[in-house]
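Structure first, then comments.
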Amino acid sequence: MAVKKFALFLWCISFSPGLLGQLNYSLLDQNPASVRWKQLQLPNHAIQIIYSEDADSLAQLTAYYLEKHVNQVGQTIPSKLHPWKIVLQNRGIYSNGFVSLNAPRAELFTIPTQNPALVGTNEWLEMLVSHETRHMFQNELGRQGLAKVFRSLWGSNGQALYSNLIIPNWLWEGDAVETETRLNPIGRSKIPEFYLPLQAYLLEYGVPSYGKMMGKSYRQLVPNHYVFGQFLSQYIRQKQGELAIGQIWQKSLLRPYPFAFSSVLKERTGLSIDQFSQLALKELRDSIQMRRLNVSDQSEQISPKVSQTFTSYKFPCWVTEDTFVAIKSGFSIIPVLVEFSRGQEKELTKLGPISEMNMLSASKEWVIWSEIKFDVRWGQKQGTRLVLFNRKTKEKIFWDGDEKWITPSISQDNKQVLTLVQQINGSSHLLLLDVDTRQLIKKIPISSGEQVLHARLADQNRMVYVVKSQHQKSIRIMDLERFTVIYEFHLGSNNIGAPFLKGDFVYFNQPIEGLDQIVSIHVKNKQQQVITHAPFGAYSAQVISNDAIVYQSYRASGDAIMVKKLGNEPWSTLLQYRPTPVLQELRPHYASQKYSKWNIFNVYSWGPLIAAQGNQLEVSLLSKNVTNTLQAGIGYQYDPNERSGTQFARFSYQGLFPVIDASFQNSQRSTSLYVDKRAPFDSLRTDNWMQTKGDIGIRLPLNLTHSAFAEYLTLSSTYSFFQVNGYDLPLRFKSEAFNGLYSSMTHAISYSKLLNRAYRDVQSPWGYQIGLHWQGTPFSQNLNSEIWSAQGKVFVPGLFRHHGISLRGAYQQQSNGNYTFASTLALPRGYTTVLYNRLFTFSADYKFPIANTDFNIGRLLYVKRLKGNIFFDASQGENIVKDGTSTTTFQSFGVDLSSQFHFLRFSQNFEIGVRCLYKSQTKQIEWYPLVIDIGF
């Protein structure tokens, strides 16, 4: 039995892209070429921090947190840290972090989040350090036991693949969230909003199967692996002790077969992972149900009721007495701005790439938000722009700033805009701007050590905002005539957010008995009132002129917009906390030095690989540096078709504005052909020869995205040469060269503009793609040939929701020279490639979802979705012959049926199916297995 399990595990590995040949180097995200790098080595740990020279203060702070927490992070896991590199990314707008064994490193994105559900009252960098260094310790376990064998065979790629196949993804993230909670004042497991998806799901839909938690669903929002992973990790610790996670992890890696983690857990607890998760979640559901018995809320839902899907309405803003705007998104729709008026919903506009918001602002004339402004070339660099949408004219006005402007707010009289500015050195400030002139009215500084959240303009020329400092939060109200703070309420470690000020009252969300509710404070008499009693949490309140509030309330089917009348809830004395004095910590200064951008070689993978194309076997060394500027590989590749080998070297340097790609191959070629000039053809000859080939080219990959359409343009030009030695046959195929040195050029342009897909869409509902390609031999030489092609593809919606139609047309022309380049166009499905002087192709696809199934087949399969595609292909090929033109036409049409599923409880998504087609030339029906996608 153990032998069968091990064989099944090896089969899984053979289909895992982590071991594929990586024949084509993808474009990485880099910082601008002008960035100068520095490095800082921690004196007491094998950790090196790499950062841009304008992030010195951030690097010093990160080093301090690392020294403070690393030993505590690793206390409950049986591993020690080998040398690690941490890269600080400070030029983007995203708040995130990750650890990767692909070019082993950690990356911390230093812009602090505005999301209270993520940061709580913690310091952003300190929380990142505690979370991501836990991942580093987790990865160190992959250097032990049998996992060490995979590292020896395949390098860190092999280690990562093996560890991720054995250890479920929820344990990686759940254990890290638990560590973050243990080492910070308020980790995510103590934040009510973090738990909402899990609690709401359990009460609305019941306890999900383990397979459904791993595979998710197209029918309901299943809590992600962070949420249920944190809960299960916490449950393991509570039942088995603080050391249990590391011990189970370590023992599981010693068993190289499927369900190893479940078998180890069963030995320890007597329950399989299915039984264990069911037990834990039932206990949680029962405790929630008991608490819910005491919840009674008198609010009225004004957004449409949602069933059989997930749709959220967030950040409602009152613009007139009976009109609201909000952001709508979900499984079936990308983020859009909608308006509710007298019970009717209307879509106003689609939103572009939204920067982190956690609030929306509107007046009677304008709605304002912030969108990401991508750098055209450098993926690590993003800015923002303010978007002002005119409710009357339906036009958009864009304010492009040179800095990162986020969470904008507009005054009710349409005259002023307030926005928070995040800077790359970690500091921030507020800008007050005039709407008509766009001129700066006032730059409002923010003290060092303070973070401002959700700053919003209010009536009576005031503004309100949340301040986080020393792990505590306060609400401040500022007079915008004198720019002085007139009220401040110290609410301690309460994780408050989204303040809204009107008259003498400020409204905000605050945890009350384990749930976020809307609370108001009377700013003059210091009284507070709990307004809502929402069953799962209430957020983003605004006051309507008729003494009612509008807010969003979480549901398992998505956030709903609610209205509640004011005045019925009791008042109590506001409990304020003494603010924590600012501590003048004596932090050490860590020595730093220049880090050369020419540290470009970092070998991370080696050994035998199964190539992604064909059945080739490759032995190689792969390298990728930590600043993402160079990918390289050298090795040997064996082709069983020709029974010959190729030595190769491939490089892609992406640290300059144009990407420079280069490759070099030296291979032994083999061919067999009949050398007879007339029938009978019985003189089959075989010849072996040496071929050396090299390519060097440049690419300009440009990101032009500036709306809800993802827009990309790539220009490329490549010079190729190849030398042939030892070709002795008197004849050859036109795709083979005689002895000599030859060269060619290739130029290509590709452009795409596609509307973002909703989760349930089978393809982009609108958009198009264009490709132009030319390859030829422009230099004087014995070989001459030329091929060029143009193709376009259009995407439009189908007859029903989430259906899609795509139409593709293409033309290719090849000269009648003495050499043949490979075709760049595909023939109709079911036909093998045939070369023509002229080729016209057309295809039409109608793709559609059949059923969202959520169907378990034991522990083997979890089938998530069934899909279909009806297609028609047609081509006409023309060859120029002595007597004129020879024309061949052929068509095929058929049906694809496929299934999206999860295999052996892996979180990775697979998609396979079957194709049935009819071919016009043979007048036969043929069946093919279909592998559409492997979603690792």
Side-chain angles (χ1 to χ4, degrees), residues 69 71-79 117 120 122 127 130-131 133-135 137-138 141 166-203 206-210 213-214 222-253 260-292 493 495 511 513-515 536 905:
H69 288 305
N71 288 334
Q72 296 172 290
V73 169
Q75 276 180 351
T76 60
I77 201 163
S79 63
N122 302 314
M127 192 187 78
S130 59
H131 185 102
T133 52
R134 184 65 173 191
H135 286 321
F137 277 99
Q138 292 168 348
L141 288 174
I166 293 293
I167 306 299
N169 65 344
W170 62 260
L171 189 60
W172 291 84
E173 295 300 346
D175 178 55
V177 172
E178 270 294 279
T179 303
E180 146 202 329
T181 303
R182 177 166 54 91
L183 298 180
N184 291 277
I186 177 171
R188 273 175 282 181
S189 64
K190 297 179 181 177
I191 297 176
E193 191 175 355
F194 176 73
Y195 262 133
L196 286 183
L198 180 58
Q199 295 183 353
Y201 186 98
L202 291 175
L203 287 191
V207 176
S209 68
Y210 183 72
M213 286 196 297
M214 293 298 290
V222 179
N224 66 31
H225 55 292
Y226 287 83
V227 177
F228 80 80
Q230 183 281 324
F231 174 72
L232 290 183
S233 298
Q234 183 185 70
Y235 194 81
I236 291 173
R237 280 196 172 89
Q238 290 173 350
K239 300 297 183 181
Q240 298 293 316
E242 286 295 320
L243 301 178
I245 296 289
Q247 292 168 351
I248 294 172
W249 196 303
Q250 189 177 40
K251 195 171 183 178
S252 298
L253 292 177
F261 174 79
S262 182
S263 68
V264 172
L265 185 69
K266 188 168 186 177
E267 288 176 4
R268 186 163 184 137
T269 66
L271 301 172
S272 68
I273 184 57
D274 299 70
Q275 297 166 332
F276 188 86
S277 63
Q278 290 284 299
L279 176 64
L281 292 172
K282 285 178 181 176
E283 288 185 12
L284 177 61
R285 181 198 59 191
D286 293 344
S287 68
I288 299 170
Q289 286 176 333
M290 290 296 294
R291 183 191 68 199
R292 197 181 185 191
S493 59
N495 188 31
E513 297 180 352
L515 286 175
F536 298 114
R905 301 293 171 76

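For the numbers below, each heavy atom of this structure counts, side chains included, while hydrogens, waters and symmetry mates do not.
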Quiz item: Atom CD in Glu178, atom CD in Glu242: separation rounded to 0.5 Å?
Solution: 8.0 Å

Quiz item: How close do Phe194 and Val227 get, heavy atom to heavy atom, and via which atoms?
Solution: O-CG2, 3.6 Å

Quiz item: Has Gln238 got more than 12 heavy atoms of other residues, nucleotides or ligands less than 6.0 Å from its CD?
Solution: yes

Exercise. Go through the steps for His131 and Thr179 under the test side chain to side chain contact (heavy atoms under 4.5 Å, CB included), then give the verdict.
Key: CA-CA 7 Å; His131 185 102; Thr179 303; over 6 Å; no

Practice problem: Kindly determine whether Ile248 and Arg268 satisfy side chain to side chain contact (heavy atoms under 4.5 Å, CB included), including the steps that lead there. | Solution: CA-CA 8 Å; Ile248 294 172; Arg268 186 163 184 137; 3.9 Å; yes

Quiz item: For the residue pair Gln199 and Leu515, what are the closest heavy atoms and their distance?
Solution: OE1-CD2, 4.2 Å

Quiz item: Backbone N or O of Ile167 within a donor-acceptor pair of the Trp172 side chain at under 3.5 Å?
Solution: yes

Quiz item: Are any non-hydrogen side-chain atoms of Asp286 and Gln289 less than 4.5 angstrom apart?
Solution: yes

Self-check item: Euclidean distance, Gln75 CD relative to Leu183 CG, rounded to 0.5 Å
Solution: 8.0 Å

Quiz item: Is there a side-chain contact between Leu232 and Ser277, using heavy atoms and a 4.5 Å cut-off?
Solution: yes

Exercise. Working to the nearest 0.5 Å, report the span between CE of Met214 and CD1 of Ile273.
Key: 9.0 Å

Self-check item: Shortest non-hydrogen contact between Gln275 and Ser272, atoms and distance
Solution: OE1-N, 2.9 Å

Quiz item: Taking all non-hydrogen atoms of both residues, which atom of Ser252 and which atom of Ala260 are closest, and how far apart?
Solution: O-CB, 3.9 Å

Self-check item: Electrostatic pair Glu180-Arg134, nearest N-O below 4.0 angstrom
Solution: no

Quiz prompt | Side-chain H-bond candidate by donor/acceptor type, Gln230 with Arg188, under 3.5 Å | solution = no

Quiz prompt | Working for side chain to side chain contact (heavy atoms under 4.5 Å, CB included), residues Glu267 and Lys251 | solution = CA-CA 11 Å; Glu267 288 176 4; Lys251 195 171 183 178; 3.3 Å; yes

Quiz item: Under 3.5 Å, side chain of Ser79 to main-chain N/O of Phe137, donor-acceptor pair present?
Solution: yes

Quiz item: In Å, rounded to the nearest 0.5 Å, how long is the span from CD1 of Ile191 to CG of Leu196?
Solution: 11.0 Å

Exercise. Test Arg285 against Val207 for side chain to side chain contact (heavy atoms under 4.5 Å, CB included), laying out the working first.
Key: CA-CA 8 Å; Arg285 181 198 59 191; Val207 176; 4.0 Å; yes

Quiz prompt | Reported CD1-to-CG distance for the pair Ile186 and Asn495, which is rounded to 0.5 angstrom | solution = 4.5 Å

Quiz item: To the nearest 0.5 Å, how far apart are CG in Leu198 and CG in Leu281?
Solution: 6.0 Å

Self-check item: Asp175/Arg237 salt bridge by N-O under 4.0 Å criterion
Solution: yes

Self-check item: Heavy-atom pair of closest approach, residues Leu141 and Gly246
Solution: CD1-O, 4.5 Å

Exercise. May I ask you to decide if the ring planes of Trp170 and Phe228 are parallel, tilted or perpendicular, using 30° and 60° as cut-offs?
Key: tilted

Self-check item: Heavy-atom pair of closest approach, residues Phe536 and Ala200
Solution: CE2-CA, 3.5 Å

Quiz item: Is the Tyr235 to Phe276 ring centre distance short of 6.0 Å?
Solution: yes

